[in-house]
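Below: one structure, written as structure tokens.
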Amino acid sequence: MALLEIKNLHATVDDKPILNGLDLTIGGGEVHAIMGPNGSGKSTLSYVLSGRDGYEVTGGEVLFDGKNLLEMEADERAREGVFLAFQYPVEIPGVTSITFLRTAVNAVRQHHGESPFDAMDFVKYIREKAAGLNVSDDMLKRAVNTGFSGGEKKRMEILQMAALDPKLAILDETDSGLDIDALKVVAEGVNAMRSDERGLLVITHYQRLLDYIVPDHVHVLAKGRIVKSGGKELAHELEESGYAEFLEDAA
Amino acid sequence: MAADAEALEQVRTIGEQYKYGFVTDIEADFAPKGLNEDIVRFISKKKEEPEWMLEWRLKAYRHWLTMEEPKWQKPQYPEIDFQDSYYYAAPKTGDKPKSLDEVDPQLLEVYEKLGIPLREQEVLAGVEGAPAVAVDAVFDSVSVATTYKAKLEEQGIIFCSISEAVREHPELVKQYLGSVVPYSDNYYATLNSAVFTDGSFVYIPKGKRCPMELSTYFRINAENTGQFERTLIIADEGSYVSYLEGCTAPQRDENQLHAAVVELVTLDDAEIKYSTVQNWYPGDEDGKGGIYNFVTKRAACRGKNSKVSWTQVETGSAITWKYPSCILQGDNSVGEFYSVAITNNAQLADTGTKMIHIGKNTRSRIISKGISAGKADQTYRGLVRIQRGANGARNYTQCDSLLIGDKCGAHTIPYIESQNPSAQVEHEATTSRIGEDQLFYCRQRGMDEEEAVALIVNGFCKEVLQTLPMEFAVEAQKLVGISLEGSVG
Ligand SMILES: Nc1ncnc2c1ncn2[C@@H]1O[C@H](COP(=O)(O)OP(=O)(O)O)[C@@H](O)[C@H]1O
Ligand SMILES: [Mg+2]
């Protein structure tokens, strides 16, 4: 059984159709990349999968671990193991990153019948994960994403992913706004998370990220559908040819 | 009492709606219903008060008869029938207990249900090595248990019920009672002056730092009993005390009036930190049955370099109407007001502060965080007045409002009056809505909606909550979450 099965997915935002019959299957241990021009619906797909309000599914189905994903609330999906690294991580003033992380991790643990971490144990748990991502204690004490640089925000996203240990991680343009050194740190963090069970969906506009997070499959999204699929070499082809051919009327 | 057992059962079934709603069946020793000079005399007699105290009460009562109920505040409420209330109720425990062992176990059970922090429960239970938090437990209107009194007495610190102070320390009470909030001050303070039944009295002698937080839990327990607490705290030269009051109330169907008066006095170089966590029953979703909380709180910073800091976390009551204030008389004196007010469902709040700068180089700081949800409405109303002689006075005011949903309201009404050109007054105000993006971000990390709201709102209030004493800050954070349950979705 595949980890994620998307069949003929249609979705609208403000009654405007954005996804128009999207099919995609991700197996455990696989890394899929979705590439596509701006406005093609990449972020929309990530929000539909994670259950954001305002993104209305008008057709098709999504199975996650064999369960109907679309029936679950956003927080339930997260607790079941769907993680989204945001293209634009959100600021929460006054809430320290460590409190935020602990609240999230404990919500997921309790969902799985595990006992919540107390403050002391959590510090140990998170420090271990934070070290590899260059996240300092000082950063953990600052308010969530508040006054963070672009690189800090993305590192914090990956730290959250590491802390929550999801079954499926969707990374939405995690490379945007990063210089090459920051990109490498983030990519290493993601690669450390690769495992036989976990599925990764890496959304990006540029091929650059895929030099560091090497995908098993690459898909091109245009006008709300997957219009082409291939191996990792497809990313390089796109880098050469651009998206122009997919923007013409494909009919 | 069968009626109470029934109420208890009712409340149990409501359970989740109001976690702290319950009724105990300790018999109340009522004065007859209604208000007249005889009732005032009855109260004074019950309290074994000296003649001068009775005279003061009667003066207040007679003045009250000439006054009109104020109508300028934003929240309006149905007229209160003052003849339909009891003005005296005390639990029937006979003589005051000598130690906690003698305290009615039912009372201890009340504290348990109130969720009084374990540490204070230990103090109440007299556990060896329990932390130093003194609890002057007010049950209904009479102080039943006063702990750590002996330890405080060693330092010359007086911490007792106001009634006891009237009897045991008449010279201090005579000198200071009504010196900050005169008996004629305002409609509800005047009523309080006539019929106050209990409350706390604290005196910290010269140069003493009170070695523990002093804390009082209030609880309204008898049906139709207005609560008229009177608290007086005096910090003599160079002394310091931190005082906390907190309260919850049982589920009730009729509105209950609470009109307390709190007076604080700081002399030269003295400091009082006064923290309130107020969680009275807010009424049902339409506000029915909630408490009316009309309180007069005022501090006189009489001495030079003296300081008063008010922190309040207001989450309960159907209507909250209060303005803890500072009169900054002493040169270089400092007044602070840190406030979190949460209104949900049909709750109404009109709250804020007054900072009256009289002395030179007086400073004040106001941080107000208002959160409105449901169809609740709240107003920040603040006055900063710089008198002519207050050279170099400074004020900083910051009022932030957070709205949850689109049926609630928030209003900011700052009054600034400056008669001294050397004064600096700064005012900042923001209004924002809880962000869909913030909520989604939290939910995407596995938090349910209520947990997400509690987290975001606690972040919004952080600046204020962190001024609370540590052990109460934790309680207050929980309260923020409880108060906003059901506010989204
Ligand atoms: N909240 C929204 N309201 C209205 N239109 C939206 C919203 N979000 C996305 N869209 C529209 O949906 C289309 C796809 O956007 P998006 O999924 O963000 O694309 P991508 O991530 O591939 O750049 C765009 O035309 C965009 O304008
Ligand atoms: Mg996008």
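Fair warning: this is a prediction, and the values are worked out from it, not measured in the lab. A note on names: the letters A, B, ... follow the listed sequences, proteins ahead of strands, and every chain is numbered from 1.
Environment of CD in A:Glu128: sparse, with no more than 12 heavy atoms of neighbouring residues, nucleotides or ligands closer than 6.0 Å. More than 12 heavy atoms of other shown residues, nucleotides or ligands fall within 6.0 angstrom of atom CZ in A:Arg109. Residue-environment remark: CG (A:Asn68) exceeds the threshold of 12 foreign heavy atoms within 6.0 Å.
Residues B:Arg443 and A:Glu73 form a side-chain contact, since some pair of their non-hydrogen atoms from C-beta on lies under 4.5 Å apart. By the 4.5 Å heavy-atom criterion applied to side chains, B:Glu436 and A:Arg52 are counted as neighbours. Annotation: side chain of A:Asp53 is not in contact with side chain of B:Phe440 (no heavy-atom distance under 4.5 Å). Under the 4.5 Å side-chain criterion, counting only non-hydrogen atoms from C-beta, A:Asp75 is not in contact with B:Met447. A:Arg79 places a side-chain heavy atom less than 4.5 Å from the side chain of B:Asp448. Residues A:Ile92 and B:Ile456 meet the side-chain proximity criterion, which asks for heavy atoms closer than 4.5 Å.
Across all their heavy atoms, B:Gly446 and A:Ala78 have their closest contact at N-CB, 3.4 Å. A pairwise comparison of heavy atoms in B:Arg445 and A:Ala104 identifies O-CB, 3.3 Å as the closest pair.
Heavy atoms closer than 4.5 Å to chain B are found nowhere in A:Tyr88, neither backbone nor side chain. At a 4.5 Å heavy-atom cutoff, the contact between A:Leu164 and chain B is made by side-chain atoms alone.
Of residues 458-465 of chain B, those residues with a non-hydrogen atom less than 4.5 Å from any non-hydrogen atom of chain A are, in numerical order, B:Gly459, B:Phe460, B:Lys462.
Ranked by heavy-atom pairs shorter than 4.5 Å toward chain B, the options A:Thr99, A:Val95, A:Leu84 are led by A:Leu84.
Within the 3.5 Å criterion, the main-chain N or O of A:Ala74 finds no donor-acceptor partner in the side chain of B:Gln444. When atom types are taken as modelled, the side chain of B:Gln438 and the backbone of A:Glu91 share a donor-acceptor pair closer than 3.5 angstrom.
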